[in-house]
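Right, one structure below, let's go through it.
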Amino acid sequence: MSKMSASEREDAAVKRQQAFDAWLERKKEEQREKRTKEMAARRDEMDQQAMRRSVSRQAYHWWAREKQEKDAILMKEKQKEREMRCLKAEERGEQLRRARESYQSWRKVKDEELKLERHTAVEPSSTSPFPSRGKAPYANMKPLPLPSRAQ
């Protein structure tokens with residue numbers, strides 16, 4: 001190779017410098033594009049997260065509204081059941097009161113009949129088949145002894 005003249009060396013140095021500057025510019029441009037893409041990807045991810053949160057929030061509000069409606073329906077049903085139990089208890093109480101009154105009036109009539117029977121009771125005749133007068137047929141009998149345990 002022949003020796004280069006100073007002007008050729010200068011031209012070669014300028015070309016190298018221009019090539020280096022072009023390469024450096026390409027690298028910087030690539031870095032900018034890469035950063036731009038990363039920022040766009042990050043922005044997209046953040047938008048997606050925001051969307052997911054929004055959807056999640058909407059779903060939660062929907063779920064909460066549904067739960068509130070279901071709870072309200074359950075509360076109404078429980079209230080109806082309570083009212084029905086109260087009505088049944090009142091009816092039962094009324095039935096018991098009527099039964100008690102009926103029994104008391106019957107008891108009163110029976111007591112009156114027994115009083116009348118006692119006052120108008122006729123002494124049994126001496127030809128009565130029972131030896132004791134006015135008592136139950138076996139009133140004068142002794143109870144049977146209990147069987148003893150065989151040892």
For residues 67-79, please give each side-chain donor-acceptor pair under 3.5 Å, one per line with the distance, not counting sequence neighbours.
{"unit_1": "Lys67", "atom_1": "NZ", "unit_2": "Asp71", "atom_2": "OD2", "d": "3.2"}
{"unit_1": "Gln79", "atom_1": "OE1", "unit_2": "Arg82", "atom_2": "NH1", "d": "2.7"}
{"unit_1": "Gln79", "atom_1": "NE2", "unit_2": "Glu83", "atom_2": "OE2", "d": "3.4"}

List in chain and number order the residues that pass side-chain hydrogen bond (donor to acceptor under 3.5 Å, both in side chains) with Ser56, two or more places apart in sequence or in another chain; answer none if no residue qualifies.
-> none
Name all residues meeting the ring-ring contact (aromatic ring centres under 6.0 Å, His included) criterion together with Trp62; count only those two or more places apart in sequence or in a different chain, and write none if there are none.
-> none
State whether Glu30 and Lys37 are salt-bridged, where the test is any N-O pair (Lys NZ or Arg NE/NH1/NH2 against Asp/Glu carboxylate O) under 4.0 Å.
-> no
Salt bridge Arg107-Asp111, side-chain N to carboxylate O under 4.0 Å | yes
When you measure from the side chain of Ser102 to the backbone N and O of Arg98, does any donor-acceptor pair fall under 3.5 Å?
-> no
Flag the pair Glu94 / Glu90 as yes when at least one side-chain heavy-atom distance between them is below 4.5 Å, and no otherwise.
-> no
Where do Gln104 and Lys108 land on the side chain to side chain contact (heavy atoms under 4.5 Å, CB included) test, with the steps shown first?
-> CA-CA 6 Å; Gln104 287 172 348; Lys108 197 181 236 181; over 6 Å; no
Roughly how far apart are Met39 CE and Asp44 CG, rounded to 0.5 Å?
-> 11.5 Å
Set of residues satisfying side chain to side chain contact (heavy atoms under 4.5 Å, CB included) with respect to Glu29, sequence neighbours excluded | Arg32, Glu33
Pairs flagged by side-chain hydrogen bond (donor to acceptor under 3.5 Å, both in side chains) wherever residues 9-27 is involved - sequence neighbours left out | Gln17-Asp21
Mind checking who shares a hydrophobic cluster with Tyr103, ILVMFWY linked at side-chain heavy-atom distances under 4.5 Å?
-> Trp106
